[in-house]
Amino acid sequence: MLPPIASDFVAGEDADAAIEHIRSCNADGVGGILNLLGEHYDHRAPADADTRAYRELIRRMDDAGVDGCISVKPSQIGLDVGADAFEGNLDSIVEAARTHDRFVWIDMEDHTTTDVTLDAFEKYARATDGGVGVCVQANLKRTADDLERLAILPGKVRLVKGAYDEPESIAYREKAAVDDAYRDLLGYAFREFDGGVAVGSHDPEMVSLAADLHAEYGTDYEIQMLMGVREESQRHLAAEGVRTYQYVPYGDKWFSYFYRRVRERKSNALFALRAILGR
Ligand code: FAD
């Protein structure tokens with residue numbers, strides 16, 4: 001069972017808990033992006049099992065009538081097994097999503113997967129006329145070129161700062177340089193994208209820059225933040241009429257995800273420690 005402290009960042013161990021959590025987000029005007037925790041499977045069986053779980057989740061979200069979509073990691077649905085496994089599984093998830101009129105996000109993992117992930121996105125963005133979205137990372141130097149490619153495709157793009165520790169030859173490693181790149185890329189996206197922009201950031205400066213760019217260019221946008229991070233601000237944005245989504249992880253592989261959130265921020269670590277000590 002999920003300990004109370006982890007439940008700030010993870011909705012629960014099963015789809016029931018995840019859908020209930022989305023329902024409570026929806027009550028505050030916030031949409032949900034569900035992610036079944038799991039990555040880097042090097043065998044077909046768990047990749048296929050998670051694919052089935054996503055298909056079932058899509059059906060259940062539809063039955064429950066919640067405002068939500070899903071986000072999948074390529075290495076969770078077979079990328080490390082092989083291109084055939086990845087494409088076959090993504091194909092079946094996209095098909096289920098199309099049947100139930102749900103949107104599919106593709107998360108971006110480390111730089112060795114960028115090309116294959118963008119290629120898959122392009123294929124399904126065209127095939128569904130915009131029913132899928134992809135994440136791109138401002139810390140990668142190549143992203144300015146990638147955005148030019150993505151600007152002429154249907155589908156949505158989520159811009160994040162980047163969560164992976166990448167080599168200096170291909171990535172900005174200083175926070176200030178990543179923030180500069182993020183501002184430039186966000187400006188480009190608001191100027192050039194027709195399908196809208198997804199701002200995957202908790203940074204108040206980037207959230208307010210997005211509002212300014214929207215006022216200047218009129219481009220649709222949405223803010224996406226993680227469960228457990230700046231939730232007050234998520235509710236506030238939604239109440240102000242900004243389309244806001246919460247990325248909601250769930251599943252039995254919650255420990256490593258929770259540990260990562262705690263390591264990322266000293267305040268989360270202190271919060272966890274206080275909860276464990278019961279103070
Ligand atoms: P930061 O500069 O890191 O933080 C800005 C402020 O936000 C901080 O000062 C703090 O107030 C708050 N904050 C940020 N993180 C935390 C935290 N953990 N706990 C408490 N407060 C916090 N990365 C990928 O590489 N691939 C993906 O597919 C991907 N998908 C994502 C999807 C969503 C919806 C989001 C929100 C992030 C995703 N990320 C992904 C992670 C992203 O790359 C960043 O690592 C992460 O969002 C932190 O960057 P930031 O923009 O929030 O800004």
Side-chain angles (χ1 to χ4, degrees), residues 5-6 8-11 22 25 30-40 68-77 79 103-114 117-118 120-121 132-140 142-143 146 156-166 170-183 185-186 197-210 221-234 236-237 242-249 256-272:
I5 177 62
D8 283 335
F9 298 98
V10 178
I22 296 286
C25 290
V30 175
I33 304 173
L34 282 182
N35 171 255
L36 172 60
L37 291 165
E39 58 193 321
H40 294 303
C69 54
I70 61 163
S71 203
V72 301
K73 286 197 170 13
S75 76
Q76 172 178 29
I77 57 167
L79 187 60
F103 195 83
V104 177
W105 283 101
I106 309 173
D107 284 352
M108 186 61 81
E109 300 180 273
D110 72 72
H111 76 276
T112 63
T113 68
T114 310
T117 303
L118 293 181
F121 165 73
V132 298
V134 73
C135 180
V136 294
Q137 300 147 324
N139 65 330
L140 292 189
R142 59 175 286 168
T143 297
D146 290 337
K156 283 200 273 186
V157 173
R158 171 202 302 151
L159 180 63
V160 300
K161 290 189 184 176
Y164 295 83
D165 189 18
E166 303 286 12
I170 57 155
Y172 306 108
R173 294 179 57 86
E174 297 297 319
K175 178 170 166 46
V178 177
D179 286 355
D180 282 348
Y182 195 98
R183 283 184 211 99
L185 296 167
L186 202 59
V197 182
V199 181
S201 177
H202 314 99
D203 188 338
E205 191 200 325
M206 303 311 164
V207 171
S208 113
L209 176 61
Y221 77 110
E222 64 193 51
I223 301 290
Q224 299 183 357
M225 296 190 190
L226 303 180
M227 179 180 173
V229 182
R230 302 196 65 225
E231 288 197 357
E232 197 51 46
S233 157
Q234 297 175 26
H236 185 70
L237 285 162
V242 177
R243 192 78 189 99
T244 306
Y245 280 92
Q246 183 175 115
Y247 184 104
V248 179
S256 55
Y257 178 82
F258 167 65
Y259 181 64
R260 227 172 24 233
R261 297 281 81 78
V262 165
R263 269 194 7 186
E264 251 168 35
R265 302 276 308 161
K266 209 174 4 172
S267 55
N268 291 345
L270 291 173
F271 178 52

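We're numbering straight along the sequence, starting at 1. Scope of the values below: all heavy atoms of this structure, side chains included, with no hydrogens, waters or symmetry mates. When a ligand or atom number is given, it counts from 1 through the structure's own listing order.
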### Summary
Logged contact type for Q137 with ligand 1, heavy-atom cut-off 4.0 Å, is side chain

### Query
Which residues pass the side chain to side chain donor-acceptor pair (under 3.5 Å) test with R183, sequence neighbours left out?
D180, E205

### Message
Heavy-atom distances under 4.0 Å decide this one: backbone, side chain, both or neither, for R158 against ligand 1?
### Response
side chain

### Query
So, does Q246 use its side chain to make a donor-acceptor pair with the main chain of E231 at under 3.5 Å?
no

### Query
Side chain, backbone, both or neither: which part of C135 comes within less than 4.0 Å of ligand 1 when only heavy atoms are counted?
side chain

### Query
Would one find an N or O of A163, backbone or side chain, under 3.5 Å from an N or O of ligand 1?
yes

### Query
Hey, looking at atom 47 (O) of ligand 1, which of K161, H202, K73 has the closest heavy atom?
H202

### Task
Could you tell me which residues satisfy side chain to side chain donor-acceptor pair (under 3.5 Å) with D179, sequence neighbours excluded, listed by chain and number?
K161, K175

### Task
Inspect the surroundings of NE2 in H40 and state if more than 12 heavy atoms from other residues, nucleotides or ligands are less than 6.0 Å away.
yes

### Task
Could you tell me whether ligand 1 has any atom less than 4.0 Å away from a heavy atom of Q246?
no

### Query
Judged by modelled atom types alone, do N35 and S71 share a side-chain donor-acceptor pair under 3.5 Å?
no

### Message
Going by the closest heavy atom to atom 31 (C) of ligand 1, which one wins out of V160, V178, I223?
### Response
V160

